[in-house]
Amino acid sequence: MHPALDLTPKQRAAHREAVRLRPGDALEAIKKAIADPDDTTEVIKFSAAVTGKSVERVMRHVLALPNGKEMLEREVPLFDVRQDRDYLIGLPEGSLGRTYADWTARE
């Protein structure tokens, strides 16, 4: 865990649980998604079960950027950004925001 992420013991325990890979949960989610392809919640459950420490790796990468800490400290109302379809569609192809906009348009 990055030292800039100063966590309480309770937060640290929650973090350890969150980054634990859960192959059984992932397999169960895949089975349910195959049985009902319209249930996109199973994709989210699968993703959560296999994410592991990837979020932590992204945080380390962002913190290594010249303005990374500043970016993380800014409070961006993510809900508002997700609702701004024109902004999201205008983002570069392959970016997270554009991929999200394309996915919501399909789903």
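Computed from a predicted model, the values in this text were never measured in an experiment.
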List for me each residue that meets side chain to side chain contact (heavy atoms under 4.5 Å, CB included) alongside [X], sequence neighbours excluded, and say none if there are none.
X     : answer
Leu27 : Lys31
Ala33 : Glu42
Thr40 : Trp103, Glu107
Asp38 : Asp36

Fill in: Which residues share a side chain to side chain donor-acceptor pair (under 3.5 Å) with Asp25, sequence neighbours left out
Arg22
List the atom pairs, donor and acceptor, that lie under 3.5 Å between side-chain atoms in residues 92-101 and the rest of the protein, sequence neighbours left out.
from: Glu93; atom 1: OE1; to: Arg98; atom 2: NH2; distance (Å): 3.2
from: Ser95; atom 1: OG; to: Pro92; atom 2: O; distance (Å): 2.8
from: Ser95; atom 1: OG; to: Arg98; atom 2: N; distance (Å): 3.2
from: Arg98; atom 1: NE; to: Asp102; atom 2: OD1; distance (Å): 3.3
from: Arg98; atom 1: NH1; to: Ile89; atom 2: O; distance (Å): 3.3
from: Arg98; atom 1: NH1; to: Leu91; atom 2: O; distance (Å): 3.2
from: Thr99; atom 1: OG1; to: Ser95; atom 2: O; distance (Å): 2.8

Worksheet item: Heavy atoms, side chains only, cut-off 4.5 Å: are Lys32 and Thr41 in contact?
Response: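 When only atoms from C-beta onward are counted, Thr41 and Lys32 do not touch, as no gap falls below 4.5 Å.
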Worksheet entry | In one Ile/Leu/Val/Met/Phe/Trp/Tyr side-chain cluster, 4.5 Å: Ile34, Phe46 |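 Per the 4.5 Å side-chain linkage, Ile34 and Phe46 are co-clustered.
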